[in-house]
Number of protein chains: 2
Amino acid sequence: MANISDVAKRAGVSAMTVSRVLNSSGYVKTETRKRVVRAMEDLNYIPSGLARSLIQQRTYTLALVVPDITNPFFTTVARGMEDVARKNGYRVVLTNTDEDTNKETEYVHMCATIRADGVLIAPTGDASVVNLQLLSQQSIPFVLIDREVGGLEADLVKGDMVGAARQLIEHLIELGHHRIAAITGPRNNAASRDRLQGYQWALTQHHLPLADELIKEAVMTRQVDGRFVAELLALPDPPTAIFTANNFQCARALASLRQLGQRVPEDISIVSFDNSDPLCIMEPFITAAIQPAYDFGSLGTQLLLERIEGIHTAPQRIVLEASIVHRKSTQRR
Amino acid sequence: MANISDVAKRAGVSAMTVSRVLNSSGYVKTETRKRVVRAMEDLNYIPSGLARSLIQQRTYTLALVVPDITNPFFTTVARGMEDVARKNGYRVVLTNTDEDTNKETEYVHMCATIRADGVLIAPTGDASVVNLQLLSQQSIPFVLIDREVGGLEADLVKGDMVGAARQLIEHLIELGHHRIAAITGPRNNAASRDRLQGYQWALTQHHLPLADELIKEAVMTRQVDGRFVAELLALPDPPTAIFTANNFQCARALASLRQLGQRVPEDISIVSFDNSDPLCIMEPFITAAIQPAYDFGSLGTQLLLERIEGIHTAPQRIVLEASIVHRKSTQRR
DNA sequence: CTGAAAGCGCTAACAC
DNA sequence: GTGTTAGCGCTTTCAG
């Protein structure tokens, strides 16, 4: 692999002149430039990003740290990030924590090792605070997406999940449901807490009782426990509607319902979050709160780039509205 | 951000000793080591991967270049790659070409710039050959997955798509279908060609006519043209079954059918490739050829790592069988 | 067991 | 316009 002095030698100039051509900086005689360009082509020269980054103290690399790259929500975030990053001359490195705080630690460490210029991160939970501190220590700017971390002031782009959950539940209440189950994520995760809070507020405001047995705490990944639905239906006074807090929980709930011979929405209603996977247009039937995932990525990255350029100082909080999409998974009771 | 000589100074040793501790290479007195470790912790020292890679001429970074990271097939490939890479001390950088050969060129260039140690790539099509040559020029090992490139000898992991498509079509034929439509990908793409070939073989072997009007050439991404199905059904002698060549084509076909009031499988049967997205377990009803996507990633990466270590020399070809999963989208005619 | 010198490939700062 | 020198942060090589 040719390096800069190979090119310089072949063009009969110094390395510095080659560097100038490379960066279109400083003056280079047109004729010299041509000779240099020719030499670069002859040698298939591609400059080393490593050497460049080492001296410039800039890698033009951003990292995206998400809990599950197979979740359509996060792949959409990734696209939003990618687009903004590319437009600004940055690369993106994707990483996947599997909702595991230790893996997250590893990846955050990696971000430091590769000297990423900034990190967009959907933290696994409140325990992520140590990982974020690591980034701060290394003075790597970061922006949180989707999830806050208890007691941490930082740039953030999230959805108004309390409000969205509340609307979903109120929709059910208006349809006459008052036994509404919730399958949500773990409580050490701010996104889950918000969604559950919206659920609780709606019930409380409408003077409906909160029943512990109607709340199931599931994981946010694909490995959602399949028994929750059966347990709910086995209750003495079973729910007539189910609220699920994400893509996977909803899919699993639907599968369980089908297995148990329950029809949606005739026998039971269901609402969810983020159920927007175009792959599932085949059954576009879940009434859901759709968050603007692409904007999470693009706005988050813009914030991050501003941080990197050192433009503003006070942490910014961007809260985006979700849109409630009424489809066919709910029915009057 | 602390560097190696900061640590050295604090520990009262030379940079070299710190390096030895870092790499557990050479002898360091236990006591000295302790002092060094202490200093590293005090300073939150994280060594620069840039400087390290520059001198070692190894980045321990692999790249995965796929046409669509939102396709569950490729996210599964990514997981397979990630797992093997991590186990061997390598990082993975994911990139997304959107089935666009120019974007692919950019990303391949990026692989060279960051001095990736190797590349796993599902090429966009036959035109990708120039991109692969670029890699060869830069002596960056690569392994093809899923798709061959016309006239290029290279390491490869793919599925037996001809065979799998043939089986799917034969299944339909056995059910009494003889007007079978095919919605496949572009012909400049080896994977599409294989699938179409399997379709054609099956028909030919069973002495059924090949009808051009039954073959629709779609894109492989989400943006599948929605009119194909309507066009097929508008034919004087419309098909009684449809074969789609990937996830997105199948989803779009199903949506169109539903819109047109066609029931599956009562009115029309449908079979597909790779329809294994767990998110769609809600309607697990497509009879499909499921390729071992995870193995594409893991085996491909193993091959790649062997290449990087320079273990073997003759290009290896690994062809994996798909499993035909009979579900509920087909019916006797 | 530890250190000094050199250099990976590039560019910032200064000469000429 | 172009070249020289120095150094980014680390490791290799060789000395001690």
Side-chain angles (χ1 to χ4, degrees), chain A residues 1-37 39-40 43-61 89 109-110 112-117 138-140, chain B residues 1-37 39-40 43-61 89 109-110 112-117 138-140:
Chain A
M1 210 180 280
N3 68 23
I4 198 168
S5 30
D6 295 334
V7 176
K9 231 169 278 168
R10 186 172 239 270
V13 296
S14 77
M16 203 45 231
T17 303
V18 178
S19 173
R20 287 198 182 93
V21 172
L22 228 42
N23 299 287
S24 350
S25 66
Y27 298 88
V28 180
K29 216 198 300 180
T30 316
E31 205 186 320
T32 316
R33 159 172 291 114
K34 268 186 192 153
R35 276 214 320 283
V36 171
V37 169
M40 297 199 296
L43 298 173
N44 296 313
Y45 173 62
I46 297 182
S48 163
L50 297 173
R52 230 172 186 165
S53 297
L54 187 58
I55 192 157
Q56 295 187 156
Q57 306 284 61
R58 268 292 189 86
T59 55
Y60 292 97
T61 299
H109 212 93
M110 181 195 95
T113 298
I114 66 170
R115 299 300 194 247
D117 290 338
Q138 307 294 320
S139 38
I140 300 177
Chain B
M1 208 180 282
N3 66 25
I4 198 168
S5 31
D6 296 334
V7 176
K9 231 169 277 169
R10 187 171 237 272
V13 297
S14 77
M16 203 43 233
T17 302
V18 178
S19 174
R20 286 200 181 90
V21 172
L22 228 42
N23 300 286
S24 351
S25 65
Y27 299 88
V28 180
K29 217 199 298 178
T30 316
E31 206 186 319
T32 317
R33 159 172 290 114
K34 269 186 190 151
R35 275 214 320 285
V36 171
V37 170
M40 297 200 296
L43 298 172
N44 296 312
Y45 173 62
I46 296 183
S48 163
L50 296 174
R52 232 173 184 163
S53 297
L54 188 57
I55 193 156
Q56 295 188 154
Q57 307 285 62
R58 266 296 187 84
T59 55
Y60 293 96
T61 299
H109 212 93
M110 181 196 95
T113 297
I114 66 171
R115 300 298 195 248
D117 290 339
Q138 306 294 320
S139 37
I140 300 176

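Just so we're on the same page: letters track the sequence lines, and every chain starts at 1. Given the structure is predicted, the values throughout are model-derived calculations rather than measurements.
Straight-line distance from the CG atom of A:L22 to the C1' atom of C:dC10: 9 Å, rounded to whole Å. Going from atom CG of B:L50 over to atom C1' of D:dT11 covers 15 Å, rounded to whole Å. Taking atom NZ of residue B:K34 and atom P of nucleotide C:dC1, one finds them 14 Å apart after rounding to whole Å. The separation between A:Q57 atom CD and D:dC8 atom P is 9 Å, rounded to whole Å. The CG atom of B:L43 sits 14 Å away from the P atom of D:dG9 (whole-angstrom rounding). Distance A:R115 CZ to D:dG9 P: 8 Å, rounded to the nearest Å. Residue B:K29 contributes atom NZ, which lies 10 Å from atom P of C:dG3 at whole-angstrom precision. Counting to the nearest Å, the P atom of C:dG9 and the CD1 atom of B:I114 are 17 Å from each other.
Considering every non-hydrogen atom in both A:M1 and A:D6, the closest pair reads O-OD2, 4.5 Å. Considering every non-hydrogen atom in both B:A51 and B:S48, the closest pair reads N-OG, 3.1 Å. Listed here is the closest heavy atom pair of A:I46 and B:R115: O-NH2, 2.9 Å.
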Q | Worked check of side chain to side chain contact (heavy atoms under 4.5 Å, CB included) between A:R20 and A:V36 | A | CA-CA 10 Å; A:R20 287 198 182 93; A:V36 171; over 6 Å; no

Q: Carefully, step by step, assess B:T113 and A:Y60 under the rule side chain to side chain contact (heavy atoms under 4.5 Å, CB included).
A: CA-CA 12 Å; B:T113 297; A:Y60 292 97; over 6 Å; no

Q.
Let's go through B:V21 and B:R35 carefully: what are the C-alpha distance in whole Å and the side-chain angles of both, what is the deciding distance for side chain to side chain contact (heavy atoms under 4.5 Å, CB included) to 0.1 Å, and is it a yes or a no?
A. CA-CA 10 Å; B:V21 172; B:R35 275 214 320 285; over 6 Å; no

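If you check distances only, the side chain of A:R20 does reach the base of D:dG3 with a donor-acceptor pair under 3.5 Å.
The stretch residues 1-19 of chain B touches DNA chain D through B:N3, B:I4, B:M16, B:S19, each having a heavy atom under 4.0 angstrom from the strand.
Counting only distance, with no hydrogens or angles, the side chain of B:S19 and the backbone of B:A15 share no donor-acceptor pair below 3.5 Å.
Nearest to the side-chain atoms of A:S48 among the listed nucleotides D:dG9, C:dG9, D:dT2 stands C:dG9. You'll find that the side chain of B:R52 is closest to D:dC10, out of C:dC1, D:dC10, C:dG9.
Put simply, B:Y45 has a side-chain N or O that comes within less than 4.0 Å of OP1 or OP2 on D:dC10.
Closest-nucleotide positions on DNA chain C for B:I55 and B:G26 were compared, and the one nearer the 5' end corresponds to B:G26.
Looking at heavy-atom distances under 4.0 Å, A:T32 makes contact with sugar-phosphate atoms alone, never a base.
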